[in-house]
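What's counted below: heavy atoms across the whole structure, side chains too, no hydrogens, waters or symmetry copies. We name chains A, B, ... by the order of the sequence lines, and we start the count at 1 in each one.
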Amino acid sequence: MKRKSKEALLLAKQHKAEDETHEPPPQFLSGLKCHVHPANFGLMRHKVFESHITRYGGELVPSLPECSEGVFHVVFEETVDEEKVKRLVDTARLPNSVFLRCTWLIESIKAKAKAGTQSHLILSMNSVEEQCRGTGESWVQEISWTQVEETEKSHIKDTDVAVTKSESQRNENPDMKDASARTTACSASHEQREDMGSQKSTKETKEDKIVEDEREPEECSRDEALGNKSVLHKWGAGAGEEDHLESLIRPFPKNLQDKFACARPSSSKPVDLNTHITSELSKLAATYKSKNDTWRSVGYERAIAAIRNYSKEITSREEALAIPGIGGRLADKIAEILESGRLRKVAEVCEGEEAETLRLFLGVWGAGPSTAQAWYLQDFRTLDDLRTKATLTRHQQIGLKHYDDINSRIPRSEVAEIEEHVREATLSLVRGAEVMVCGSYRRGKPTCGDVDVLITHPDGQSHELIFRPLLVRLRESGFLTDDLVTQEDNGNQKKYLGVCRLPGEGRKHRRLDVIVVPYQERATALMYFTGSAHFNRSMRLLATKKGMSLSEHSLRAGIVRQGQEKLSDGYMLDTPTEESIFAHLGLEYRPPEERDH
DNA sequence: CAACAGCGAGA
DNA sequence: TCTCGC
DNA sequence: GTTG
Ligand SMILES: O=c1ccn([C@H]2C[C@H](O)[C@@H](COP(=O)(O)OP(=O)(O)OP(=O)(O)O)O2)c(=O)[nH]1
Ligand SMILES: [Mg+2]
């Protein structure tokens with residue numbers, strides 16, 4: 001009973017807070033049955049609108065009945081047109097309902113009174129025939145007063161809505177107190193879509209400007225909340241010694257350093273001795289991720305990685321608890337697995353239609369947890385539903401088209417073939433280029449999720465000549481079949497994400513990532529592209545803790561941070577090889593196979 | 001109670 | 001800005 | 001989820 005919908009809770013709390021400092025919200029929606037259709041709404045925006053329905057006295061209809069004589073106000077995202085509405089709901093079976101753009105709600109909130117529906121109407125079965133035939137039901141009546149506000153468009157900005165949105169967005173943390181959530185939101189600046197109307201509030205939006213009366217007294221004094229922790233001076237720098245690397249890293253306690261995954265080899269051992277545990281926890285991690293519970297999922301994944309690298313078989317709760325990354329709650333779960341062989345929690349949250357559908361939808365490249373949930377809310381259950389009814393981005397269309405291929409693993413041998421294909425094309429363009437496959441392939445995995453190719457050139461310049469011509473060539477030969485991201489510019493580095501297929505019969509489409517990098521950045525780029533993702537995050541975190549910063553471009557020292565933000569960029573360290581990066585960070589070198597965290 | 005990596009692109 | 005991906 |  002602990003958690004449920006934290007976002008909803010948050011919204012409720014915010015409203016409650018407002019109500020304490022203001023007169024109760026006008027109940028101008030009372031008596032109205034309202035449904036917010038999830039189509040094209042972001043998850044958060046959808047929740048925000050739903051919360052407004054109840055806040056202003058409306059009866060929220062969480063899911064629309066298929067067939068009803070009832071009068072429902074169905075609110076759609078502003079870009080949804082009549083065609084789309086008809087595709088999404090069987091309008092003929094809801095003869096008395098009104099289908100409106102969400103601008104109706106926005107305007108109503110702004111006016112603190114029910115706005116006319118006319119100017120926000122997308123479709124109404126009745127109105128098509130004769131506007132005034134309704135049996136004196138609410139919506140029909142409104143139409144008459146519609147004109148009143150009709151002309152008044154929305155120049156409004158619903159900062160109220162906007163703020164709530166960003167607030168909930170940042171606050172994906174499980175049990176975060178709303179106080180801190182609001183504090184965080186204070187610093188958020190907004191420039192929401194024009195059509196997000198507003199009225200009052202403005203909450204935190206611009207504390208520099210209109211400090212709205214209705215702000216919570218305590219909440220937005222975010223000054224102290226955003227205290228300053230200068231991470232740096234804790235170590236070496238505190239002594240104000242030279243800015244040298246050595247002085248920066250040496251004072252770092254070794255026992256602390258051991259807590260970082262990147263400091264230890266990943267179990268290059270044949271198998272995982274605690275599979276029974278990790279497999280169960282993995283299910284939970286994936287499910288939490290699909291539910292947008294990011295940090296809980298991250299917590300699970302870290303623990304899983306820790307268990308994988310634990311050399312012995314875990315036999316007791318105590319033993320588990322001693323492993324860094326495993327706390328009381330996970331230790332309990334492990335204990336349950338140890339004695340019963342299973343976890344009730346898994347059955348509870350991982351099984352069932354919702355979790356399975358979300359997993360299905362997450363397999364669509366370009367669809368993440370938010371989109372998957374939004375689709376589920378729209379009653380989509382199959383890939384065919386997505387194909388025929390959903391609004392798909394270009395990426396998602398491609399992801400759907402190649403759903404099976406993209407979600408199947410690639411044998412090493414085929415990766416090698418693809419590497420050779422790309423190398424050949426590259427070398428035919430520029431002699432002397434270096435082409436290598438990184439990612440899971442370089443880490444020695446037996447199968448790979450995609451092919452990550454890194455290209456550079458020792459002359460330090462030719463890399464610039466490679467990118468476009470290579471893509472053109474591979475495309476002309478029919479090797480590249482779909483482009484996802486054709487050019488991601490990251491400083492001097494360029495990245496391509498797409499889909500390819502080797503010539504010949506019976507070949508699958510494969511995801512291909514190519515980065516072309518300047519020679520000076522080859523080592524950091526190689527580190528990055530070799531991963532694993534977990535390993536990278538661990539190493540980057542360690543770098544941060546040492547007052548440095550590691551990215552695919554460079555390793556920098558002398559970084560000064562205040563909280564998140566960097567006050568000083570520091571200076572770049574020389575990183576000719578991967579070994580040098582480990583050395584700068586005070587770590588023992590790990591070959592790629594040992595970075596598989 | 002804040003942090004949990006550090007990037008760029010598409011809509 | 002939000003969402004997604006590497 | 002766990003950690004400092
Ligand atoms: O969030 C991420 C994802 C990836 N990477 C790096 C590490 C990773 O090894 C490399 C390639 O990414 P990919 O998604 O292909 O991971 P992989 O390690 O190659 O695994 P897979 O077999 O699924 O492709 O990019 C990151 O730094 N952060
Ligand atoms: Mg890969």
Side-chain angles (χ1 to χ4, degrees), chain A residues 40-45 79 162 165-166 168-170 172-177 179-181 183-184 188-193 196 225-227 229 231 234 256 259 262 281 284-285 288-289 292-304 306 321 323-331 333 362 364-374 391 393-396 399 438-439 449-450 452 484-491 493-497 511 513-515 524-525 528-529 531-545 549-554 556 561 563-564 566:
Chain A
N40 293 16
F41 276 125
L43 248 202
M44 290 310 155
R45 200 153 90 114
T79 64
K165 186 175 171 184
S166 73
S168 350
Q169 173 237 333
R170 290 163 169 271
E172 52 197 345
N173 233 333
D175 299 316
M176 193 193 267
K177 300 294 174 285
S180 69
T183 306
T184 324
S189 68
H190 318 286
E191 186 54 42
Q192 244 16 37
R193 339 177 32 144
M196 287 290 274
L226 293 183
K229 298 103 207 281
V231 178
K234 234 173 179 171
L256 268 184
K259 297 234 170 191
C262 60
L281 297 186
L284 285 172
Y288 284 128
K289 185 166 129 192
N292 241 342
D293 201 343
T294 320
W295 293 116
R296 188 181 309 278
S297 174
V298 167
Y300 272 85
E301 282 175 357
R302 288 180 155 192
I304 290 164
L321 197 51
I323 301 175
I326 297 180
R329 303 180 51 109
L330 276 174
K333 291 181 174 64
L362 279 181
V364 178
W365 201 95
S370 282
T371 307
Q373 263 183 284
T391 304
T393 65
R394 196 182 60 87
H395 289 166
Q396 290 158 357
C438 306
D450 64 1
D452 306 291
L484 291 164
V485 176
T486 48
Q487 181 164 31
E488 182 175 302
D489 275 307
N490 188 343
Q493 302 185 5
K494 298 191 185 315
K495 174 149 62 181
Y496 169 86
L497 310 180
R511 278 273 300 103
D513 294 359
V514 179
I515 59 174
T524 46
Y528 154 72
F529 220 33
S532 68
H534 270 109
F535 183 88
N536 288 351
R537 294 169 71 161
S538 169
M539 189 177 250
R540 289 171 180 209
L541 180 64
L542 177 65
T544 297
K545 300 282 190 203
S549 174
L550 174 64
S551 77
E552 54 271 44
H553 298 295
S554 62
R556 314 182 71 88
R561 286 183 179 80
Q564 302 260 47
K566 294 183 271 288

Select base, sugar-phosphate, or nothing to describe what [X] touches, counting heavy atoms under 4.0 Å on all strands.
X        : value
A:Asp513 : sugar-phosphate
A:Ala367 : sugar-phosphate
A:Thr371 : sugar-phosphate
A:Arg556 : nothing
A:Gly328 : sugar-phosphate
A:Ile326 : sugar-phosphate

Rounded to whole angstrom units, what separation is found between the [atom1] atom of [X] and the [atom2] atom of [N]?
X        : N     : atom1 : atom2 : answer
A:Lys494 : C:dG5 : NZ    : P     : 24 Å
A:Arg302 : D:dT3 : CZ    : C1'   : 8 Å
A:Arg511 : C:dC4 : CZ    : C1'   : 12 Å
A:Lys545 : B:dC4 : NZ    : P     : 6 Å
A:His534 : B:dC4 : NE2   : P     : 15 Å
A:Leu281 : D:dT2 : CG    : P     : 11 Å
A:Arg45  : C:dC2 : CZ    : C1'   : 11 Å
A:Asp293 : D:dT2 : CG    : C1'   : 14 Å

Keeping to residues at least two apart or across chains, list the salt bridge (charged side-chain N to carboxylate O under 4.0 Å, His left out) pairs with something in residues 532-541 of chain A.
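Every salt bridge (charged side-chain N to carboxylate O under 4.0 Å, His left out) pair that includes a residue of residues 532-541 of chain A, provided the two are not neighbours, is A:Arg540-A:Glu552.
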Considering only C:dT3, C:dC6, D:dG1, which nucleotide approaches the side chain of A:Trp365 most closely?
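Nearest listed nucleotide: C:dC6.
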Ignoring the backbone of A:Phe529, work out which of C:dC6, C:dC4, D:dG1 is nearest its side chain.
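Closest nucleotide to the A:Phe529 side chain: C:dC6.
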Applying side chain to side chain contact (heavy atoms under 4.5 Å, CB included), name anything that partners A:Ser370, two or more places apart in sequence or on another chain.
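So A:Ser370 forms a side chain to side chain contact (heavy atoms under 4.5 Å, CB included) with A:Leu43, A:Asn292.
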Taking only residues two or more places apart in sequence, or in another chain, which ones meet A:Ala374 in a side chain to side chain contact (heavy atoms under 4.5 Å, CB included)?
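Checked A:Ala374 against side chain to side chain contact (heavy atoms under 4.5 Å, CB included); matches are A:Gln378.
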According to a strict under-4.0 Å criterion, is A:Arg296 in side-chain N/O contact with OP1 or OP2 of B:dC4?
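Result: no.
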Can you give one letter per nucleotide of nucleotides 6-11 of chain B, 5' to 3': B if a protein heavy atom sits under 4.0 Å from the base, S if only from the sugar-phosphate, - if neither?
BSSSS-
Spacing of the P atoms in D:dT3 and B:dA5 (rounded, Å)
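The same atom, P, in both gives a distance of 15 Å.
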Any side-chain heavy-atom pair of A:Lys494 and A:Asp489 under 4.5 Å:
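When only atoms from C-beta onward are counted, A:Asp489 and A:Lys494 do touch, with a gap below 4.5 Å.
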Take atom NZ in A:Lys495; do more than 12 heavy atoms of anything else shown fall under 6.0 Å from it?
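Yes, enclosed.
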Sequence neighbours left out, what passes ring-ring contact (aromatic ring centres under 6.0 Å, His included) with A:Tyr528? Give chain and number order.
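Listed in chain order: nothing, the list is empty.
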Not counting sequence neighbours, which residues clear ring-ring contact (aromatic ring centres under 6.0 Å, His included) with A:His553? List them please.
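Not a single residue meets the ring-ring contact (aromatic ring centres under 6.0 Å, His included) criterion with A:His553.
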Backbone N or O of A:Thr393 within a donor-acceptor pair of the A:Gln396 side chain at under 3.5 Å?
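Yes, A:Gln396 side chain to A:Thr393 backbone: donor-acceptor pair under 3.5 Å.
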